[in-house]
Amino acid sequence: MDFSYTEEQIMFKESVRKFAEAEISPLIHQMETEKQTPRDLVRKMKEMGFYAVQYSEEYGGVGSSYIEYVIMMEEIARVYCSIAGHMGVSGMAAATIYNFGTEEQKMKYLPELLNGDAIGSFAFTEAATGSDAKAIRATAVRDGNDWVINGEKIFITNSTMPGYIALFCKDVEKDGKITNIIVPKDAKGYSTPKLVEKMGMHGMEVADVVLEDVRVPVENTTGGETMRGKGFQMLLAMTPLGKLSVCGQCVGMAQAALDAAVKYAKERVQRGEPIANFQSIQWIIGEMSTELAAARQMTLSTAYAKSVGKDITYDAARTRLFTSQVAHRAASNAMQVHGAFSYSTEFSVERIFRDAKLTEVYEGVNEIQRIIAASELLR
Ligand SMILES: Cc1cc2nc3c(=O)[nH]c(=O)nc-3n(C[C@H](O)[C@H](O)[C@H](O)COP(=O)(O)OP(=O)(O)OC[C@H]3O[C@@H](n4cnc5c(N)ncnc54)[C@H](O)[C@@H]3O)c2cc1C
């Protein structure tokens with residue numbers, strides 16, 4: 001088996017890296033302080049086609065596969081994970097329409113979402129609903145040719161950015177079963193009163209969403225009438241894609257942590273020699289590089305499985321579990337190599353440590369990933 005990148009993939013990886021270093025890196029300080037996704041950066045990423053990589057050309061996609069998608073996630077997260085997170089979630093809204101939408105919905109929403117003119121959000125979390133997706137309380141009631149939606153969502157990424165939100169709510173007429181509805185974020189009654197004050201991932205906007213008598217046409221039911229009440233199945237099918245994006249983010253952060261540790265170990269002198277000469281530091285770096293190699297291979301293997309149409313429910317759970325742990329350990333180890341300086345915001349490793357923690361939590365906590373992985377064996 002040949003596991004190497006193709007020439008096109010190497011070129012793509014290099015072009016994303018170049019873009020991230022030239023266009024994202026200089027904005028990190030601004031994003032860390034202003035806690036916003038710069039709209040001008042969105043425009044540049046749109047021009048690069050970043051929102052469209054894994055989608056087919058008929059809807060405005062680039063026509064590449066999920067392998068290129070995780071390569072892109074890795075390279076962006078290597079520089080600044082918030083932007084990869086922002087893109088991953090926008091991609092979840094697009095993927096929901098791409099996989100479940102009617103042909104009319106695909107033609108209507110995907111070109112805008114894939115060219116970055118509209119930013120997507122994916123909303124299921126509520127105050128009582130995190131790991132327990134069935135506990136959703138937001139309601140959708142039919143009134144003539146409209147849906148009337150009421151409720152509150154929390155922790156919704158990109159909800160402050162113009163575009164569409166793939167919203168999960170209880171379909172009152174369908175005995176409260178979950179239905180997904182495409183809601184424009186400028187709809188009357190949609191508001192984001194509170195940005196979440198976060199520990200990290202400051203360049204990714206996350207806010208609570210209030211829906212007060214939001215009216216959208218019934219044509220906005222994702223997948224049309226036949227998909228009403230099937231929101232839970234849609235959620236189960238979509239979360240592996242979100243996890244795959246997070247896996248790419250983990251690999252990127254682990255690589256960034258390793259790069260920073262190697263650089264610092266060669267530069268920092270103690271007892272008259274670089275700390276890289278100490279075996280304790282070599283062990284840390286050796287372990288980091290080993291785990292990173294395994295995390296990258298798992299991510300590429302899961303991305304490949306998705307690209308050839310396999311069900312990745314279990315692989316995505318295992319890969320997300322492992323890669324998030326690798327990113328966490330890599331960030332912690334890189335801090336150890338940096339000693340006291342690791343605790344200073346002058347070095348990137350403290351930010352990577354803060355950002356990496358999220359990967360063990362969002363798109364489903366790691367405990368749930370363990371349960372999914374085990375369920376394949378214990379059925
Ligand atoms: C920065 C950020 C961005 C986010 N973006 C989005 C978004 O765009 N859209 C969206 O819908 N959501 C989003 N979320 C929400 C996120 O996906 C949920 O927070 C996550 O799924 C966990 O849910 P919870 O917080 O309710 O945890 P809970 O379900 O309350 O779990 C708490 C803990 O209880 C344990 N636990 C819970 N259930 C089980 C179980 N069945 N078995 C074993 N242990 C269990 C686990 O240890 C878990 O860590 C975001 C969250 C954050 C922090």
Side-chain angles (χ1 to χ4, degrees), residues 31-32 35-37 77 80-96 113 119-138 151-161 163-170 178 180-183 185 190 192 194-211 222 231-232 234-246 249-250 253 316-317 320-321 324-325 327-328 351 354-375 378:
M31 289 189 263
E32 286 294 294
K35 302 186 166 77
Q36 278 193 337
T37 313
Y80 191 54
C81 191
S82 293
I83 296 303
H86 149 80
M87 295 181 65
V89 174
S90 190
M92 287 286 281
T96 307
L113 284 165
I119 298 299
S121 296
F122 184 86
F124 73 88
T125 304
E126 298 180 4
T129 315
S131 311
D132 183 6
K134 286 184 176 158
I136 278 181
R137 295 208 179 116
E152 284 182 30
K153 296 282 171 185
I154 60 169
F155 288 111
I156 305 305
T157 302
N158 298 335
S159 53
T160 42
M161 304 185 79
Y164 302 101
I165 185 161
L167 188 85
F168 291 86
C169 33
K170 269 182 186 272
I178 302 172
N180 188 271
I181 301 173
I182 305 162
V183 178
K185 289 186 248 177
Y190 175 98
T192 50
K194 195 166 128 309
L195 267 177
V196 177
E197 296 213 13
K198 308 193 279 349
M199 162 187 179
M201 297 289 275
H202 290 315
M204 181 178 92
E205 293 175 30
V206 179
D208 296 346
V209 172
V210 174
L211 302 136
T222 312
F232 188 59
M234 289 164 77
L235 182 66
L236 291 184
M238 286 299 98
T239 47
L241 295 181
K243 287 175 206 170
L244 191 52
S245 149
V246 176
Q249 294 166 34
C250 293
M253 283 190 284
R320 214 307 290 281
L321 172 64
S324 64
Q325 291 172 328
H328 186 128
R351 169 174 51 76
R354 286 187 281 109
D355 290 351
K357 182 61 203 168
L358 182 64
T359 65
E360 295 178 296
V361 173
Y362 82 156
E363 296 295 347
V365 293
N366 271 358
E367 288 71 15
I368 298 289
Q369 308 319 316
R370 288 188 183 91
I371 290 169
I372 296 172
S375 70
L378 302 176

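Atoms within each ligand, like the ligands themselves, are counted from 1 in listed order.
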Where does I371 meet ligand 1, judged by heavy-atom distances below 4.0 Å: at the side chain, the backbone, both, or neither?
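Answer for I371: side chain.
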Look at atom CZ of R354 and say whether more than 12 heavy atoms of other residues, nucleotides or ligands are closer to it than 6.0 Å.
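Above 12, so yes.
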Under-4.0 Å protein heavy-atom contact, [atom]:
atom	value
atom 53 (C) of ligand 1	yes
atom 12 (N) of ligand 1	yes
atom 44 (N) of ligand 1	yes
atom 49 (O) of ligand 1	yes
atom 25 (O) of ligand 1	no
atom 35 (C) of ligand 1	no
atom 30 (O) of ligand 1	no

Under the 3.5 angstrom rule, does the side chain of [X] hit a backbone N or O of [Y] as a donor-acceptor pair?
X	Y	value
Y80	G203	yes
T96	M92	yes
Q369	G364	yes
T222	N180	yes
K185	N158	yes

Which residue supplies the protein heavy atom nearest to [atom], what is that atom called, and how far is it?
atom	answer
atom 27 (O) of ligand 1	S131 OG, 3.8 Å
atom 47 (O) of ligand 1	E367 CD, 3.1 Å
atom 21 (O) of ligand 1	G364 N, 3.8 Å
atom 23 (O) of ligand 1	G130 CA, 3.2 Å
atom 22 (C) of ligand 1	V365 CG1, 3.7 Å

Taking all atoms of both residues into account, what is the closest heavy-atom pair of [X] and [Y], and its distance?
X	Y	answer
V365	R320	C-NH2, 3.7 Å
I136	C169	CG2-CA, 3.9 Å
G88	S245	CA-OG, 3.5 Å
F168	M234	CE2-CB, 4.5 Å
H202	S82	N-OG, 3.4 Å

Which of the numbered atoms in ligand 1 are under 4.0 angstrom from any heavy atom belonging to [X]?
X	answer
F124	11 (O)
E363	17 (O)
K198	1 (C)
V361	20 (C)
I368	39 (C), 40 (C), 41 (N)
L358	1 (C), 2 (C), 52 (C), 53 (C)

Purely on distance, is any nitrogen or oxygen of [X] under 3.5 Å from one on ligand 1?
X	answer
M204	no
T125	yes
T157	yes

Side chains of S324 and N366, donor plus acceptor under 3.5 Å
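Yes, because at least one side-chain N or O of S324 sits under 3.5 Å from a partner of the opposite role on N366.
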Within-4.5 Å side-chain heavy-atom neighbours: M161 and T37:
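The answer is yes; the side chains approach within 4.5 Å.
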Evaluating non-hydrogen atoms only, which member of Y362, F122, F155 is closest to atom 6 (C) of ligand 1?
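Minimum heavy-atom distance to atom 6 (C) of ligand 1 goes to F155.
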